[in-house]
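See below for the structure under consideration.
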Number of protein chains: 2
Amino acid sequence: MEALIPDYKDEKPLTAVMEDYLEIIFTLSREKRIVRVRDIAKRLGVKMPTVTSMLKVLNDRGLIAYEKYEFLDLTDKGLSIGREINRRHRVLRNFLTDILKINIERSDEEACKMEHGISHFTLDRLVKFLEFIQDCSLSGSSLIDNFGEYILSEKRSEEI
Amino acid sequence: MEALIPDYKDEKPLTAVMEDYLEIIFTLSREKRIVRVRDIAKRLGVKMPTVTSMLKVLNDRGLIAYEKYEFLDLTDKGLSIGREINRRHRVLRNFLTDILKINIERSDEEACKMEHGISHFTLDRLVKFLEFIQDCSLSGSSLIDNFGEYILSEKRSEEI
DNA sequence: CCAACTTGTTAGGGGTTTCTAACTTTATTT
DNA sequence: AAATAAAGTTAGAAACCCCTAACAAGTTGG
């Protein structure tokens, strides 16, 4: 029955791992002209055969255009997902670094793990909150500076 | 080599799913006198056989004390992990409800997915931030009320 | 007490993601 | 151009977590 309807291939939601691959591919394609299996493997901390098999999955699901031994590209759908995950990552990381004063390495690492659980809706709300705090800081009281001092005043700050 | 050292059984970190089970068991054991397979299954949205097999794993890893057809208990180790995950859940959920004004159902759902990625360190920092904001609100300016109004003033609030 | 129901377990299988070992293809070097 | 190195692929296996179907154990009601 479903087989007759052309665009019903991908009802299944993407896994967090698939989202990770799309985000990495998105990022790499901004940094370099071509995206290589080797680079994806290095970024994700997996071996090359793992990447190869995932690329097949992503290709079958219409998220990337890929033929073996050739370069790969994100499709429109893959691009929009990769971009969205990347946006979640940046927003969460900014919250961790700018508001909570967590150092950049840890922020990056934890944003990476939290970015799959947060919805578009909640992320938008977080963006608004960050903007709101920014506005507050501009108009004199500088809430975040106060929080920074509040954190620092407790001597058990093993990092900033 | 390691086999000779008694307490080196579990170097492998727990998976997010294992943490979920421990958290649910922790929560259920507070709510009721006994924890049942059926209740765990219902909370986690899985079938009973799935729970049974996970209980074996958790038992083998010394996180619960469990014999088939008998009641189960968390060990000290399992208890401390379950409690910690539960704490992360509550803090994250409070952030989502109290600061970002996300409704409780969504907050609960997303806290559940984010709680595994956040470190103890970052969580402590988040707790401090929530306390700090609380203090700010007490001393007149009521930052969070202002943010609540800021959110409301945008008419596209499909929820609060 | 026996039937019916609920609860829990085994057995067996499937999808996802990872790995190592061995191979092929492409790129570089001499 | 042939030899070597690097990049990529298959094949096959394992860990993890889920499922259904069937069976076993406990509980309840006639």
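In what follows, chains carry the letters A, B, and so on, assigned in the order in which the sequence lines appear, proteins first and then strands, with residues in each chain numbered from 1.
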Here the gap from B:R38 atom CZ to B:R43 atom CZ, rounded to the nearest 0.5 Å, amounts to 13.0 Å
Bounded by its outermost nucleotides with an atom under 4.0 Å from a heavy atom of chain A, the footprint on DNA chain D reads D:dA7 to D:dT10
5'-most contact on DNA chain C (nearest-nucleotide basis), A:V57 vs A:E70, goes to A:V57
In this structure, would A:V57 and A:I24 fall into the same cluster of hydrophobic residues linked by side-chain contacts under 4.5 Å? yes
Bounded by its outermost nucleotides with an atom under 4.0 Å from a heavy atom of chain A, the footprint on DNA chain C reads C:dT16 to C:dT25
(Q) So B:F95 and B:L100, do their side chains get closer than 4.5 Å, heavy atoms only? (A) yes
Worksheet item: Using a cut-off of 4.0 Å on non-hydrogen atoms, how would the nucleic acid contact of B:T15 be classed: base, sugar-phosphate, or nothing?
Response: sugar-phosphate
- Message: Once you apply a heavy-atom cut-off of 4.0 Å, does B:F71 come out as touching a base, just sugar-phosphate, or nothing?
- Response: nothing
With a 4.5 Å cut-off on side-chain heavy atoms, are B:T15 and B:H116 touching? no
Residues of residues 30-43 of chain B with a heavy atom under 4.0 Å from any atom of DNA chain C, listed by number, are B:R36, B:V37, B:R38
*asked:* At 4.0 Å (heavy atoms only), tell me whether B:S53 reaches a base, stays on the sugar-phosphate, or touches nothing.
replied: nothing
**Message:** Count I, L, V, M, F, W, Y as connected when their side-chain heavy atoms are under 4.5 Å apart, and connections chain through other members. Are B:F26 and B:L123 then in the same cluster?
**Reply:** no
### Task
Indicate if B:F121 and A:M114 have the same hydrophobic cluster label, given that clusters are the connected sets of ILVMFWY residues with side-chain heavy-atom separations under 4.5 angstrom.
yes
Checklist entry - Taking NZ, NE, NH1 and NH2 as the nitrogens, is one of them in B:R87 or B:E84 under 4.0 Å from a carboxylate oxygen of the other? => result yes
ask   = When hydrophobic residues are tied together by side-chain contacts of less than 4.5 Å, even through go-betweens, does B:V91 share a cluster with A:F129?
value = yes
Chi angles and distances behind the side chain to side chain contact (heavy atoms under 4.5 Å, CB included) call for B:L14, B:R61:
CA-CA 10 Å; B:L14 298 189; B:R61 294 183 70 146; 3.7 Å; yes
Does the side chain of B:R90 pick up a donor-acceptor pair with the side chain of B:N86 at under 3.5 Å? yes
